[in-house]
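A note on names: the letters A, B, ... follow the listed sequences, proteins ahead of strands, and every chain is numbered from 1. Every heavy atom of this structure was used, including side-chain atoms; hydrogens, water molecules and symmetry mates were not.
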Amino acid sequence: MSEEDIITGEESRSPVSFIEQIIIDDLGEGKNGGRVHTRFPPEPNGYLHIGHAKAICLDFGMAEKYGGKCNLRFDDTNPVKEEVEYIESIKEDIRWLGFDWEDREYYASDYFGKLFDFAIDLIKRGLAYVDDQPAEVISAQKGTPAQSGTESPYRNRPVGENLDLFERMNRGDFEEGSRVLRARIDMTSPNMHMRDPIIYRIIKSSHHRTGEKWKVYPMYDFAHGQSDYFEGITHSLCTLEFEVHRPLYDWLIDQLKTGEYRPRQIEFNRLNLTYTVMSKRKLLELVQDGKVSGWDDPRMPTLCGLRRRGYTPESIRKFIDLIGYTKYEAINDISLLEHAVRDDLNLRAPRVFGVLNPLKVVITNYPENMVEEVDLINNPEDETMGSRKVPFSRDLYIEQDDFMEDPPHKFFRLSPGSEVRLKGAYIIKCTGYTKDENGRIIEVLCTYDPHTRSGGHLSGKKVKGTLHWVSAAHALDAEVRLYDRLFDHEDPSGQKEDDYRKFLNPDSLRILRGCKVEPSLKTAMHLDKFQFQRLGYFCIDYDSTPDHLVFNRTVGLKDSWAKMNK
RNA sequence: UGCUCCGUGGUGUAACUGGCAACACGUCUGACUCUGGAUCAGAAAAGUUCAGGUUCGAGCCCUGACGGAGCAACCA
């Protein structure tokens, strides 16, 4: 595509989001010198989740696509809620997703000085004043959305007094909560945010970067737009709930700007997923209440949780690409996310044999001490991934579900008298089985046909089913963690009467021990991803060691047999 | 009861300055298969919240209803 095509978007028919269209139009009009500069502004008070990924992909994605830049800016204006701990995790997650802010790592706190000066300037221009009233009184005077507010008795305080008071607020002369600085706008505005919003409050906690230097800290509205302005941001993309803040954003920019350049705030819908909660507060509660093992519990929608679950950055980006950006709230089906990982892992995850619920199979006519190495394709979707050798012997394990004593009509697997293919090896026939004193089947007896080995001259023989298996003597023991959706209600937070915690799924984690996996997995590393053939995609958990393998199930394979039986 | 934003198959999104409502997920068939996966072929599924209006023609423009979301933190 030529540069012209990129700007007009005429080359590709693929539809663009309304935001991208705005960018294209702005570029076309030559606004802001034809620059595109975005920013991703997390508050360091929690871990990033997949909703943030939606913002990250937009912020970095638009910059990348239109030859611009995207800054990383920590919105650290509230020292009582923010912690350094989160900063590293946020950076790690953005990098993991595949984005790079280069040297542009900024902090709103970098601008505290300029912000303070701007506040002084507003005071001097009669556009800000110090209010001595307590929070409850100020709040009451704000009115309600349907009822206009009333003016503070301090609203017309002389400039000199405001200047003096504000300086002393910052010096620490006053207690927290005793005074605030307010912008002097319009108490009768139908927009609550324009009713003389508080722009500075006194906080005496130590700040993670500026220490004890400041005793007053700017509010979000007084920091965000100005930070955008200081950084030369052109498109400030945020979620829908900030829509009503936009008039204030613009008002402040109007007071600040000196030339033609101005940043523009545009809002898009946040990401909601079925069967999950997305608010930082709720995620924090789940962690603190021990409902999950931590921020990176594989059931969490956090990026670190998804990573541990076995999701790839590509699959997350693909998913976000699929759902789009609009101006109305939606709730996205988690099955689309699951589709995105399957689709990605299908192409890149090597296939292996793993038996979750082992059932012993003895091939009675197979020589007792013989071991054959059978050759197995690592990935039928990608022959460059080669093949591997897997040991085959007389005593094997297959999946318990793959044998039925008294099978229903369309059961293609093993049952008395039936024949199945052991994938990559032989066709076997079930000749009997034994039960324990409780009537549970503990062993299945089979015979094999030596001519049916894969690649052999009778290997073309048709059988209905193909099973995965492991050689009992060679198999490795493993623990497998099966995850299901954390909530059993589609929209756990949307139920007015019920707390979301009421919908926690009691079976969201099932731990299987004594699983058997093929020996090649001995050397697998943390987060390595595999397809356990016929079962699903699994990855190695952080808890795993070579002597105690632990797998997380990322997502199951589509299972039309299971569906038939529902 | 105020202001702002928004209503398109079950779900998420498309439809360029009005021109036969399209794609994906999901669902259901069938084919193929040494993964009941993948792949392939096909089907069902909305007439665009409703009512008027403008127009040869409206999902798109106008009016009015109805419905949903957001806004009353010294949070972001």
Side-chain angles (χ1 to χ4, degrees), chain A residues 9-10 13-17 21 41-43 45 75 77-78 80-82 131 134-135 138-140 142-149 176-182 189-193 195 198-203 216-217 219-221 223-224 238 240-247 267 269 274 280-281 319 322-333 335-340 342-343 346-347 351 353 376-377 380-381 410-413 420-425 427 452 454-455 459-468 531-536 556-564:
Chain A
E10 278 168 10
R13 273 288 169 77
S14 64
V16 298
S17 69
Q21 191 57 54
E43 183 187 15
N45 70 343
D75 222 329
T77 56
N78 188 350
V80 313
K81 288 172 67 182
E82 292 145 10
D131 198 330
I138 291 178
S139 165
K142 279 218 171 160
T144 68
Q147 229 175 329
S148 76
E176 285 188 15
S178 65
R179 269 172 247 257
V180 290
L181 184 70
R182 296 228 252 165
S189 170
N191 184 334
M192 296 290 290
H193 299 276
R195 324 241 259 233
I198 291 167
I199 56 178
Y200 262 100
R201 76 290 211 193
I202 300 168
I203 297 177
V216 291
Y217 290 88
M219 299 284 288
Y220 164 84
D221 284 306
H224 199 91
C238 63
L240 251 24
E241 67 269 26
F242 290 98
E243 200 163 336
V244 284
H245 292 244
R246 187 169 5 112
E267 312 84 13
N269 63 341
T274 54
K280 271 193 205 173
R281 195 203 90 226
F319 167 70
L322 288 169
I323 62 179
Y325 299 85
T326 68
K327 300 177 78 164
Y328 48 90
E329 286 300 347
I331 177 157
N332 293 275
D333 200 327
S335 62
L336 187 60
L337 212 212
E338 292 172 345
H339 163 78
R342 283 198 194 97
D343 201 41
N346 179 41
L347 300 177
R351 316 283 119 132
F353 286 167
L376 284 160
I377 301 290
E381 306 291 329
K410 283 194 166 171
F411 188 77
F412 298 159
R413 284 112 99 143
V420 294
R421 156 79 59 189
L422 291 179
K423 189 170 174 64
I427 291 174
T452 58
S454 296
S459 67
K461 181 177 173 183
K462 297 285 182 214
V463 286
K464 281 218 191 108
T466 301
L467 308 187
H468 61 279
Q531 185 197 94
F532 282 13
Q533 204 122 88
R534 303 208 304 137
L535 298 177
L557 246 32
K558 276 200 209 160
D559 188 346
S560 49
W561 169 244
K563 201 176 280 178
M564 265 170 73

Peer 1: For the OG atom of A:Ser560 and the CE atom of A:Met564, what is their distance to the nearest 0.5 Å?
Peer 2: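 One gets 8.0 Å once the value is rounded to the nearest 0.5 Å.
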Peer 1: At their closest point, which heavy atom of A:Glu43 faces which heavy atom of A:Asp75, and how far apart are they?
Peer 2: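 Heavy atoms only, the tightest pair is CG-O, 3.5 Å.
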Peer 1: Rounded to whole Å, please give me the gap between NE2 in A:His468 and P in B:A38.
Peer 2: 17 Å
Peer 1: At their closest point, which heavy atom of A:Val420 faces which heavy atom of A:Leu467, and how far apart are they?
Peer 2: CG2-CD1, 3.8 Å
Peer 1: Is the base of B:G18 syn or anti, if syn means a glycosidic angle within 90° of 0?
Peer 2: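 B:G18: anti.
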Peer 1: Choosing from B:G37, B:A15, B:C5, which nucleotide comes nearest the side chain of A:Lys558?
Peer 2: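 For A:Lys558, the side-chain atoms sit closest to B:G37.
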Peer 1: What does nucleotides 64-76 of chain B look like as a protein-contact string, B for base, S for sugar-phosphate only, - for none, at under 4.0 angstrom between heavy atoms?
Peer 2: ------BBBSBBB
Peer 1: Quick check: do A:Arg342 and A:Gln531 have side-chain heavy atoms less than 4.5 Å from each other?
Peer 2: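 A side-chain contact is absent here, since even the closest heavy-atom pair is not under 4.5 Å.
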Peer 1: Could you report the tightest heavy-atom contact between A:Thr452 and A:Ile427, atom names first, then the distance?
Peer 2: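 So the minimum-distance heavy-atom pair works out to OG1-N, 3.0 Å.
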Peer 1: Out of B:C25, B:G12, B:U35, which has the shortest distance to the side chain of A:Ala330?
Peer 2: B:G12
Peer 1: Using Watson-Crick and G-U wobble pairs whose two distances are both under 3.5 Å, how do you write the pairing of RNA chain B as dot-bracket, with | for links to another strand?
Peer 2: .((((((..((((.....[..)))).(((((.......))))).....(((((..]....))))))))))).....
Peer 1: Does the side chain of A:Asn78 reach to within under 4.5 Å of the side chain of A:Tyr217, using non-hydrogen atoms?
Peer 2: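 The answer is no; the side chains never approach within 4.5 Å.
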Peer 1: Hey, does A:Asn191 have a side-chain heavy atom less than 4.5 Å from the side chain of A:Arg246?
Peer 2: no
Peer 1: Do the side-chain N or O atoms of A:Ser189 get closer than 4.0 angstrom to the phosphate oxygens (OP1, OP2) of B:C3?
Peer 2: no
Peer 1: Any idea which of B:G36, B:A14, B:G37 is nearest the A:Thr326 side chain?
Peer 2: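 That would be B:A14.
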Peer 1: If you find the nucleotide of RNA chain B closest to A:Asn269 and the one closest to A:Phe412, which residue's nucleotide is nearer the 5' end?
Peer 2: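 Residue closer to the 5' terminus by nearest nucleotide: A:Asn269.
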Peer 1: To the nearest Å, how far apart are A:Met564 CE and B:G30 P?
Peer 2: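 Computing the A:Met564:CE to B:G30:P distance gives 10 Å.
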Peer 1: Determine the minimum heavy-atom distance between A:Pro380 and A:Arg351, stating which atoms define it.
Peer 2: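 Smallest heavy-atom distance, with atoms named: CD-CG, 3.8 Å.
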Peer 1: Just the rounded figure in Å: distance from P of B:G37 to CG of A:Asp343.
Peer 2: 15 Å
Peer 1: Using the test ring-ring contact (aromatic ring centres under 6.0 Å, His included), find all partners of A:His245 that sit at least two apart in sequence or belong to another chain.
Peer 2: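 Checked A:His245 against ring-ring contact (aromatic ring centres under 6.0 Å, His included); matches are A:His193, A:Phe242.
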Peer 1: Using the P atom in both, what is the distance from B:C71 to B:U54, to the nearest Å?
Peer 2: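 Their P atoms lie roughly 41 Å apart.
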Peer 1: Output one letter per nucleotide in nucleotides 42-50 of chain B: B when a protein non-hydrogen atom lies under 4.0 Å from the base, S when only the sugar-phosphate is that close, - when neither is.
Peer 2: ---------
Peer 1: Provide the distance between the two P atoms, one in B:U63 and one in B:U27, to the nearest whole Å.
Peer 2: 43 Å
Peer 1: How would you list, by chain and number, every residue that makes a ring-ring contact (aromatic ring centres under 6.0 Å, His included) with A:Phe411, sequence neighbours excluded?
Peer 2: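 A:Trp561.
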Peer 1: For B:G19 and B:U4, measure between their C1' atoms and round to the nearest Å.
Peer 2: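 B:G19 and B:U4 have their C1' atoms separated by 34 Å.
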Peer 1: Can you tell which of B:A38, B:U13, B:U35 lies closest to the side chain of A:Pro380?
Peer 2: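 Ranking B:A38, B:U13, B:U35 by closest atom to the A:Pro380 side chain puts B:U35 first.
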Peer 1: Between atom CZ in A:Arg413 and atom P in B:U35, what is the gap in whole Å?
Peer 2: 13 Å
Peer 1: Assuming nearest nucleotide by heavy-atom distance, tell me which of A:Tyr325 and A:Phe411 is located more 5' along RNA chain B.
Peer 2: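 It is A:Tyr325 whose nearest nucleotide is closer to the 5' end.
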Peer 1: Picking from B:C25, B:G37, B:G12, which would you name as closest to the side chain of A:Leu557?
Peer 2: B:G37
Peer 1: Side chain of A:Leu336, heavy atoms from C-beta onward: which of B:C25, B:G37, B:U35 has the nearest atom to it?
Peer 2: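 Among B:C25, B:G37, B:U35, the one nearest the side chain of A:Leu336 is B:C25.
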Peer 1: Just do the side chain to side chain contact (heavy atoms under 4.5 Å, CB included) check on A:Leu376 and A:Gln533 with the steps written out, would you?
Peer 2: CA-CA 11 Å; A:Leu376 284 160; A:Gln533 204 122 88; 5.6 Å; no
Peer 1: Specify the separation, in whole Å, of atom CG of A:Asn346 and atom C1' of B:U35.
Peer 2: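 Nearest whole value for this atom pair: 10 Å.
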Peer 1: From CZ of A:Arg534 over to P of B:U33, roughly how many Å is that when rounded to an integer?
Peer 2: 17 Å
Peer 1: Nearest-Å distance, CG (A:Leu337) to P (B:A24)?
Peer 2: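 So the CG-P distance, A:Leu337 to B:A24, works out to 19 Å.
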Peer 1: Starting at CG of A:Asn332 and ending at P of B:G10, how long is that distance when rounded to a whole Å?
Peer 2: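 Distance check: A:Asn332 CG to B:G10 P gives 17 Å.
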Peer 1: Looking at residues at least two apart in the chain, or sitting in another chain, which of them share a side chain to side chain donor-acceptor pair (under 3.5 Å) with A:Asn269?
Peer 2: A:Lys54, A:Thr326
Peer 1: Check each of A:Ile198, A:Thr77, A:Leu181, A:Val180 against A:Met219 using the side-chain contact (heavy atoms from CB on, under 4.5 Å) test, and report the only one that passes.
Peer 2: A:Ile198
